[in-house]
Each structure stands twice: as C-alpha cells, then as structure tokens.
Protein chains: 2
Amino acid sequence: MLIQIDFASDLPIYRQLRDQIVIGLATGQLEAGEELPSVRRLAADLGINLHTVHKAYQQLRDEGFLVLDRRSGAVMAKNIPDQPEFQNWLSRQLEPLVAEAICRKMSTNDLQALVRTLDQSMRQLKKDGEMQNE
Amino acid sequence: MLIQIDFASDLPIYRQLRDQIVIGLATGQLEAGEELPSVRRLAADLGINLHTVHKAYQQLRDEGFLVLDRRSGAVMAKNIPDQPEFQNWLSRQLEPLVAEAICRKMSTNDLQALVRTLDQSMRQLKKDGEMQNE
DNA sequence: TATCTGTTATAATTGTTGTATAACAGATAG
DNA sequence: CTATCTGTTATACAACAATTATAACAGATA
C-alpha cells in the first residue's frame with residue numbers, strides 16, 4: 001500500500017500516517033490480519049524517524065486498529081473492539097464541519113450527497129478488493 | 001451567547017473559540033451583522049489572553065465570517081464570501097472520519113442519519129431563533 | 001482628555017513534533 | 001551461539017506552536 005507524506009501539511013506526520021492507514025483499512029488496501037512494515041522499515045521508506053512511525057502505530061493500537069507484538073511486529077487487528085463512545089466522538093468531530101457547511105449556504109442535500117459519495121466510494125473499493133481475492 | 005473553553009482539550013483555545021462562534025452562527029445564536037465582544041472584553045470574560053482571542057478573530061476574518069474594524073470592533077459578516085474550494089476542503093476533512101466509521105462497522109444509514117441529525121438540529125435552532133425575531 | 005477599538009512588537013514559557021543516538025528484552029534464522 | 005530482526009524505552013536536542021505578559025500605537029468616541 002502506497003503511503004504519501006506531505007511535509008508541508010499542517011497535519012503532523014504521525015497523524016497523516018495514522019489517517020492513511022485507517023483509510024487503507026476502510027478501502028480494503030489493508031486487510032484485517034495483514035502485516036505492516038516494521039517501524040524501522042517504514043521510517044526508512046518514508047524518510048522519517050522511527051519514533052514518528054512508532055507514535056502512529058501506538059495511536060492505532062490505542063484505537064484498536066493495530067496489534068503490536070514484539071516478535072511478529074505490527075499486524076492489523078482482526079477484530080476491532082467496539083467503542084461505545086464512538087458515535088458521540090464522531091458527532092463532536094462533525095459538529096464544526098457541519099456548522100461551517102451551513103454557514104457557507106451548503107444545502108442539506110449537497111451535504112448528504114458529499115458524505116454519501118465518500119462513504120460509497122470507500123465501501124466500493126473495499127468490495128472490489130474482496131472480489132479479487134476470490 | 002455562552003462560550004465554554006475546555007483547558008484540558010487537545011484542541012487549542014483559539015480553535016475552540018473559532019469553532020463555537022461558527023456553530024453559534026449556524027444555529028442562529030449569532031446573527032449576521034451582530035457585534036462580538038472586543039478582544040479585551042472576551043479575553044477577560046473567558047480568563048484568557050487577548051492575543052488568543054485576537055488569533056481566533058483573525059482566523060474568522062480570514063475565513064470570511066468576521067469583519068474587524070478599528071472603530072466598530074468585531075462584527076459578524078453580513079455576506080459570507082463564496083469559497084469555491086470549500087467542498088473539496090470539507091471532503092478532505094471528512095475522509096478520515098468516514099473511513100474510521102466504516103472500520104468501526106457503522107452502517108451507511110447510521111452515518112447518514114448522524115449527519116442529518118446534526119444538520120437538521122442546527123438548522124432548526126436557527127429557524128426558531130428567526131421566528132422569535134418576528 | 002480619557003477611554004474604547006483593533007493591531008503590532010517583543011519576550012518568556014510551555015507543550016508538541018520530529019530527529020538522533022543508544023540501549024534493552026524477546027523472538028528468530030543462520 | 002551469534003547475528004539480526006521485532007517493539008519499546010530513555011535521553012537529549014532543535015524547531016515550532018500556543019499562550020501569556022507587557023507595552024505601545026493609531027484611530028474613533030464619549
């Protein structure tokens with residue numbers, strides 16, 4: 001899976017890494033149980049420090065997406081644990097974005113369509129990937 | 001309008017301020033053309049530094065939400081300028097959130113419902129506020 | 001004149017981010 | 001056994017962002 005770091009972004013590197021891995025999982029570019037490169041390997045490939053990769057891996061582990069094992073390395077979780085607060089957390093994240101959309105006179109339909117398009121395109125990519133594995 | 005700062009949040013103070021003002025505008029707690037407290041006044045009320053308020057006001061001005069005038073102070077913009085890149089920007093903001101929702105097995109319907117609820121409740125609040133002014 | 005407005009400058013502090021170097025414990029391949 | 005790989009921890013340092021503090025300025029206003 002291709003990972004691209006934007007060193008001019010306002011988002012920290014470890015956050016870009018974390019986000020892209022989550023997106024990779026949602027789109028089927030990464031599968032449950034799949035091995036990730038070691039912190040040193042990925043750091044070398046991306047030209048960054050191993051601690052930066054480690055920080056991203058730690059966050060993904062704390063979020064339940066990644067299992068870290070001293071022997072086998074980093075493996076995408078097979079069962080992502082339920083986080084009962086997730087919908088509330090997501091709601092808080094979305095609130096300022098939806099508010100800004102309203103302020104900028106975006107219609108309810110356009111907003112819904114935008115979310116639907118994102119959601120559907122990711123789910124379709126995942127589906128396609130699973131098709132290929134059969 | 002009530003503003004609450006969480007000093008333990010991972011979000012910077014000026015960002016919380018900015019977000020709450022945008023939410024206030026979307027929900028009708030703030031109206032176009034309404035005056036905001038001066039940087040010193042608001043800073044004193046919230047127990048923070050005037051520069052922190054100034055930074056939030058500056059960002060809101062850069063985003064087109066606020067008009068700053070040396071004499072009249074800070075006034076919510078009457079006409080928020082179009083930002084042609086807004087939908088693309090919003091899409092990039094939403095991408096990792098939608099991805100995480102998919103990873104956490106949230107259904108398309110639940111995600112749509114969550115966004116719709118946020119959108120509708122804000123629009124309803126704004127409508128109610130406008131009703132009262134007639 | 002005194003007081004209010006946003007704005008600018010400067011400095012100090014604190015926390016975050018990223019890098020560098022080094023080491024450790026455990027697993028594994030030769 | 002040795003060499004090499006894994007995540008993990010520790011320490012130090014540099015760069016930057018966020019926040020505070022103090023002070024001053026220009027312009028408007030009561």
Side-chain angles (χ1 to χ4, degrees), chain A residues 1 3-22 30 33-78 93 96, chain B residues 1 3-22 30 33-78 93 96:
Chain A
M1 176 196 164
I3 289 184
Q4 278 282 28
I5 299 299
D6 175 11
F7 293 95
S9 167
D10 52 337
L11 270 186
I13 298 174
Y14 77 95
R15 198 79 164 57
Q16 295 182 48
L17 231 180
R18 178 266 175 203
D19 283 352
Q20 290 191 39
I21 290 175
V22 171
L30 291 174
E34 185 173 344
E35 288 186 14
L36 289 191
S38 75
V39 289
R40 289 172 179 82
R41 171 87 258 129
L42 186 51
D45 289 350
L46 298 176
I48 60 178
N49 192 273
L50 101 174
H51 290 103
T52 307
V53 177
H54 186 242
K55 196 169 179 177
Y57 278 14
Q58 263 185 313
Q59 181 170 348
L60 287 163
R61 180 200 56 191
D62 294 344
E63 295 173 328
F65 291 120
L66 196 55
V67 175
L68 298 177
D69 194 320
R70 231 182 292 265
R71 50 205 161 168
S72 49
V75 180
M76 296 307 292
K78 291 192 173 173
Q93 304 298 310
Chain B
M1 175 194 163
I3 290 183
Q4 278 284 27
I5 300 298
D6 175 9
F7 294 95
S9 168
D10 51 337
L11 271 185
I13 297 175
Y14 78 96
R15 200 78 165 58
Q16 296 182 47
L17 231 180
R18 178 266 175 203
D19 283 352
Q20 292 191 38
I21 290 175
V22 172
L30 292 173
E34 185 172 343
E35 288 187 13
L36 289 191
S38 76
V39 288
R40 289 173 179 81
R41 172 85 257 133
L42 186 51
D45 288 350
L46 299 177
I48 61 179
N49 193 273
L50 102 175
H51 290 102
T52 308
V53 176
H54 187 241
K55 195 168 180 178
Y57 279 14
Q58 264 186 313
Q59 181 170 347
L60 287 163
R61 179 199 57 193
D62 294 344
E63 293 173 329
F65 292 120
L66 195 55
V67 176
L68 297 176
D69 195 319
R70 231 184 293 263
R71 49 202 161 170
S72 50
V75 179
M76 296 306 293
K78 291 192 176 175
Q93 304 299 311

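Chain identifiers are assigned alphabetically (A, B, ...) following the order of the sequence lines, protein sequences preceding nucleic acid strands; residue numbering begins at 1 within each chain.
In plain terms, the two heavy atoms of A:L68 and A:A74 that are nearest each other are CD2-CB, 3.6 Å. Scanning both residues, A:P96 and B:V22, for their nearest heavy atoms gives O-CG1, 4.5 Å.
In this structure, B:E35 contributes its side chain and B:G73 its backbone to no donor-acceptor pair below 3.5 Å. Checking side-chain atoms of B:Q20 against main-chain N and O of B:Q4 turns up a donor-acceptor pair under 3.5 Å. At distances below 3.5 Å, not a single donor-acceptor pair connects side-chain atoms of B:Q59 with backbone N or O atoms of B:R18.
In this structure, A:K55 does not reach the C:dG18 phosphate: none of its side-chain N or O atoms is under 4.0 Å from OP1 or OP2.
Distance check: A:Y14 OH to A:Q58 CD gives 11.0 Å after rounding to the nearest 0.5 Å.
Here the side chains of B:L36 and B:Y57 are in contact, with some heavy-atom distance below 4.5 Å. At a threshold of 4.5 Å between non-hydrogen side-chain atoms, the residues A:R41 and A:D45 count as touching. A:M76 is listed as a side-chain neighbour of A:I21, based on a closest heavy-atom distance under 4.5 Å.
Consecutive pairing runs in DNA chain D reach the stem threshold at C:1-4 with D:27-30, C:6-24 with D:7-25, C:26-30 with D:1-5, where a stem means at least three Watson-Crick or G-U wobble pairs with distances under 3.5 Å.
Nucleotides of DNA chain D lying under 4.0 Å from heavy atoms of chain A occupy a range whose first and last members, 5' to 3', are D:dT6 to D:dA10.
Regarding B:L11, its CG atom lies at a distance of 14 Å from the C1' atom of C:dT16, rounded to whole Å. Here C:dT16 presents its P atom at 19 Å from CD of A:Q16, a figure rounded to the nearest Å.
Each of A:L68 and B:I13 was assigned the nucleotide of DNA chain D with the nearest heavy atom; the assignment lying further toward the 5' end belongs to A:L68.
Within the nucleic acid shown, A:R61 comes within 4.0 Å of sugar-phosphate atoms alone, with no base atom in reach, counting heavy atoms only. Note on B:R71: only backbone sugar-phosphate atoms sit closer than 4.0 angstrom, heavy atoms only; bases stay farther off.
Residues of residues 38-53 of chain B that place a heavy atom closer than 4.0 Å to DNA chain C, in numerical order, are B:S38, B:V39, B:R40, B:H51.
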